[in-house]
Q: 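My questions all concern the structure below.
Being a predicted model, the structure only gives us computed values, none of them experimental. By convention here, the first residue in the shown sequence is residue 1. FYI, side chains are in, hydrogens and waters are out, and symmetry mates aren't considered; it's all heavy atoms of this structure.
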Amino acid sequence: MMVLITEEIIQQFEILMEKVDEPLKKTFQNMDYGHERETLVRFLNAREGNISNAHKMLMECLSWRIQNKIDDILARPINPIEFYRGIRDSQLIGMCGYSKEGHPVIAVGVGRSTYDKASNHYYIQSHIQMNEYRDRVILPSATKKFGRYIGTCVKILDMTGLKFSAMNQLKLLSAISTIDDLNYPEKTETYYIVNAPYIFSACWKVVKPLLRERTRKKVQVLSGCGRDELLKIMDYESLPQFCRKEGSGSSRGNGKVSDCFSLDHPFHQQLYNYVKEQAARVGLTTPVRHGSFHVDCPEPDPADVKIAETIECEFQRLGNQNGLSHSSSCELKVNGD
C-alpha cells in the first residue's frame, strides 16, 4: 500500500533538518539543487513515510557524501581517455533522449556489460559520476526545458546477451545497487526490461515477490525489444538503439554515434568535457595520476542481501539444469543461520 506523504510529515522533517550540523547542511544543499522539499519527499517515500527512518537514512547519506568527497567527484576525471573508453565499452549505460513527460531516458546494457576493463573502484566511480551529472546537470536542465520540476528518469534495461557468467559481476552490481538505494533513492520513475531471455524470465519469477511493493510497481517487463510499448511514452528519436527493431539487440561495434553507450555519443562527450572543465576549475590543470577514486560502499539492506542470494541460487539452479557448473555456493540463510 502506497503511503501518502502529508504536509505535516514534510514540515516535521524540515524541522529536524534545521538542527543538523553545518557540514551536513552544506552537502545537503549541494545535493538538493534548490529543491529541498522534493529531496525530503524522496527520502520519506523510500522509508514509507516514517520520519525517523527517513531522517536516519538522509543523515547516513550526507555523512557518506562527506566521507567520500562526493561533492567533488565530478572534478575527478578518469584518465587517460583510452582507459576511460574501455570503461564505457564495458559498462554500458547512456542517455538517449527524453520521455513525452520530460523524464530523461537512461539506457543500460545489462546483458552485454562485461566490467572487465578496470577494477571495481573505477566502475563505481564512473557510476556515481553519472548519477551526480544526472542530478546536477540533466535533471535541472529538463526542469527548465519542460517548465516544471523533473526529479526522476526512466530506465530501459537491455537484457540482450545475458548469460550465466553474469554471476561473476554480482558483487559489483550489488555494490552499485546499494549505493543507489541508500544515497540516490526514488530517482527512477519506471524500469523497462527489454530483450529478456529465458534466464532472466526464470529469475524474475523468483525475485519479484521479494521486492518491496513500491519497487515492484516500477518494473515493467516488455515483450521483445519493447518498441511499441515504449513509443507510447517517448518519441522514436528517444528510443535506444536496441529497441528500434524487433530482435535487433544492441548495435554496438558499428561505429554509429546513435549508440548511446559509446564515448562518441553526445551525452558521453558532454559528460566527459564537463568533468574536465570541473577539474580545471578546481586547479587540477595538470594530468591527474592514473588511479581510481575509492568510495566506501554502504552496508546493504538485509532484504537486498536476500534478493542477491536468491538470484545467485536461481542462476546456479538454471546452470545445473543446463549442465553448467559454478564455483559460487548457493546457500540461502534462513532465520539468521
Side-chain angles (χ1 to χ4, degrees), residues 27 30-31 33 60-95 104 106-110 112-139 153 155 157 166 168-185 187-188 260-265 267-300 304 308:
T27 197
N30 288 338
M31 71 175 276
Y33 311 107
E60 290 175 350
C61 167
L62 297 178
S63 296
W64 174 81
R65 293 183 67 88
I66 291 173
Q67 291 164 8
N68 293 283
K69 301 180 180 177
I70 302 300
D71 290 343
D72 302 324
I73 200 168
L74 283 177
R76 299 278 181 171
I78 298 176
N79 290 321
I81 188 170
E82 294 80 9
F83 179 72
Y84 185 60
R85 185 178 291 277
I87 292 175
R88 293 278 56 82
D89 287 343
S90 54
Q91 183 183 34
L92 305 183
I93 183 170
M95 179 181 158
I106 307 296
V108 186
V110 177
R112 295 193 174 185
S113 292
T114 55
Y115 300 100
D116 59 352
K117 303 295 185 185
S119 71
N120 287 358
H121 293 292
Y122 282 108
Y123 288 115
I124 290 171
Q125 176 184 352
S126 173
H127 181 81
I128 294 174
Q129 284 180 330
M130 268 188 260
N131 279 357
E132 292 292 312
Y133 186 72
R134 174 198 64 198
D135 294 350
R136 300 187 202 185
V137 178
I138 298 297
L139 290 173
C153 63
K155 287 188 177 178
L157 279 54
N168 298 331
Q169 286 98 43
L170 192 57
K171 182 177 180 181
L172 170 60
L173 295 176
S174 295
I176 288 175
S177 176
T178 298
I179 287 172
D180 284 354
D181 289 345
L182 298 182
N183 300 295
Y184 302 93
K187 278 291 182 178
T188 301
C260 64
F261 298 144
S262 170
L263 180 57
D264 298 322
H265 188 274
F267 166 74
H268 282 297
Q269 283 295 301
Q270 291 161 12
L271 169 58
Y272 183 77
N273 289 331
Y274 183 88
V275 173
K276 284 201 303 183
E277 290 167 4
Q278 294 301 306
R281 186 171 296 176
V282 298
L284 294 175
T285 51
T286 55
V288 180
R289 71 178 181 83
H290 186 67
S292 60
F293 186 79
H294 288 221
V295 174
D296 294 328
C297 294
E299 286 296 315
D304 295 329

Q: Is Asp71 paired with Arg65 through a side-chain N to carboxylate O contact shorter than 4.0 Å?
A: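 So Arg65 pairs with Asp71 through a salt bridge.
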Q: Nearest 0.5 angstrom please: Lys276 NZ to Ile81 CD1, how far?
A: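 That separation rounds to 6.5 Å.
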Q: Would you indicate whether the side-chain heavy atoms of Ile73 and Val275 approach each other to under 4.5 Å?
A: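 When only atoms from C-beta onward are counted, Ile73 and Val275 do not touch, as no gap falls below 4.5 Å.
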Q: Testing the basics here: between Leu62 and Met31, what is the closest heavy-atom pair and its distance to 0.1 Å?
A: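 For Leu62 and Met31, the tightest heavy-atom pair comes out as CD2-SD, 3.5 Å.
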Q: Which residues satisfy the side-chain contact (heavy atoms from CB on, under 4.5 Å) test with Thr188, sequence neighbours excluded?
A: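 Partners of Thr188 under the side-chain contact (heavy atoms from CB on, under 4.5 Å) test: Cys153, Lys155, Tyr191.
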Q: Taking only residues two or more places apart in sequence, or in another chain, which ones meet Tyr184 in a ring-ring contact (aromatic ring centres under 6.0 Å, His included)?
A: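 Partners of Tyr184 under the ring-ring contact (aromatic ring centres under 6.0 Å, His included) test: none.
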Q: On a heavy-atom basis, which atom in Phe83 and which in Ala118 lie closest, and how many Å separate them?
A: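 Closest pair (atom of Phe83, atom of Ala118, distance): CZ-CB, 3.5 Å.
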Q: Check whether any side-chain heavy atom of Ile78 sits under 4.5 Å from a side-chain heavy atom of Ile87, and report yes or no.
A: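 Contact flag for Ile78/Ile87 side chains = yes.
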Q: Going by the rule salt bridge (Lys or Arg N to Asp or Glu O under 4.0 Å), which residues pair with Asp116 if we only count those two or more places apart in sequence or in a different chain?
A: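 Result, salt bridge (Lys or Arg N to Asp or Glu O under 4.0 Å) vs Asp116: none returned.
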Q: What about Tyr122 and Tyr84, are their ring centers closer than 6.0 Å?
A: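 They do not qualify: ring centres at least 6.0 Å apart.
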Q: Taking C-beta and beyond as the side chain, do Phe261 and Asp89 meet within less than 4.5 Å on heavy atoms?
A: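 They are not in side-chain contact.
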Q: Are the side chains of Arg88 and Ser126 in contact, using a 4.5 Å heavy-atom criterion?
A: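 Side-chain contact under 4.5 Å: yes.
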Q: Roughly how far, to the nearest 0.5 Å, is the CG atom of Leu173 from the CG atom of Asn120?
A: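 With rounding to 0.5 Å, CG (Asn120) is 9.0 Å from CG (Leu173).
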Q: Working to the nearest 0.5 angstrom, can you tell me the gap between Asp181 CG and Ile176 CD1?
A: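 So the gap between those two atoms works out to 12.0 Å.
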Q: Is there side-chain contact between Arg134 and Leu139, with heavy atoms separated by less than 4.5 Å?
A: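 The answer is yes; the side chains approach within 4.5 Å.
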Q: Rounded to the nearest 0.5 Å, how far does CH2 of Trp64 lie from CG of Leu182?
A: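 Leu182 atom CG to Trp64 atom CH2 measures 9.5 Å (nearest 0.5 Å).
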Q: Using a distance-only test with no angle check, is there a side-chain donor-acceptor pair under 3.5 angstrom linking Gln169 and Ser113?
A: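 Per modelled atom types, Gln169 and Ser113 side chains form no pair under 3.5 Å.
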Q: Would you call Met130 and Leu271 a side-chain contact if the rule is heavy atoms closer than 4.5 Å?
A: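 Counting from C-beta outward, Met130 and Leu271 do come under 4.5 Å.
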Q: Testing the basics here: between Asp72 and Arg136, what is the closest heavy-atom pair and its distance to 0.1 Å?
A: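 Scanning both residues, the minimum pair turns out to be N-NH2, 4.5 Å.
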Q: So which atom in His268 and which in Ser262 form the shortest heavy-atom distance, rounded to 0.1 Å?
A: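 That would be CD2-O, 3.2 Å.
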Q: Applying side chain to side chain contact (heavy atoms under 4.5 Å, CB included), run through Asn183 and Ile128 and close with a yes or a no.
A: CA-CA 10 Å; Asn183 300 295; Ile128 294 174; over 6 Å; no
Q: If we only count heavy atoms from C-beta on, is the Ile138 to Phe267 side-chain gap below 4.5 Å?
A: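 The answer is yes, as the side chains (C-beta and beyond) meet within the 4.5 Å cut-off.
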Q: Below 4.5 Å, heavy atoms only, C-beta onward: do Thr114 and Gln91 meet side chain to side chain?
A: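 They are not in side-chain contact.
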Q: Within this structure, what is the CD-CD distance for the pair Gln278 and Glu132, rounded to the nearest 0.5 Å?
A: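 Gln278 atom CD to Glu132 atom CD measures 11.5 Å (nearest 0.5 Å).
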Q: Do any N or O atoms from the side chain of Gln125 and from the backbone of Arg76 form a donor-acceptor pair under 3.5 angstrom?
A: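 Judged by distance alone, yes, a pair lies under 3.5 Å.
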Q: Tell me, please, which residues at least two apart from Arg85 pass salt bridge (Lys or Arg N to Asp or Glu O under 4.0 Å).
A: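 Partners of Arg85 by the salt bridge (Lys or Arg N to Asp or Glu O under 4.0 Å) criterion, ordered by chain and then number, come out as Asp264.
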Q: Could you grab the distance from atom SG of Cys61 to atom CD1 of Ile179, nearest 0.5 Å is fine?
A: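 Those atoms lie 11.0 Å apart.
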Q: Which residues pass the side-chain contact (heavy atoms from CB on, under 4.5 Å) test with Lys117, sequence neighbours left out?
A: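 So Lys117 forms a side-chain contact (heavy atoms from CB on, under 4.5 Å) with Ser90, Tyr123.
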Q: Test of understanding: with side-chain contact (heavy atoms from CB on, under 4.5 Å), list the residues that count as partners of Val108, not counting sequence neighbours.
A: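 If we apply the side-chain contact (heavy atoms from CB on, under 4.5 Å) test to Val108, skipping adjacent residues, the hits are Ile93, Ile106, Val110, Leu157.
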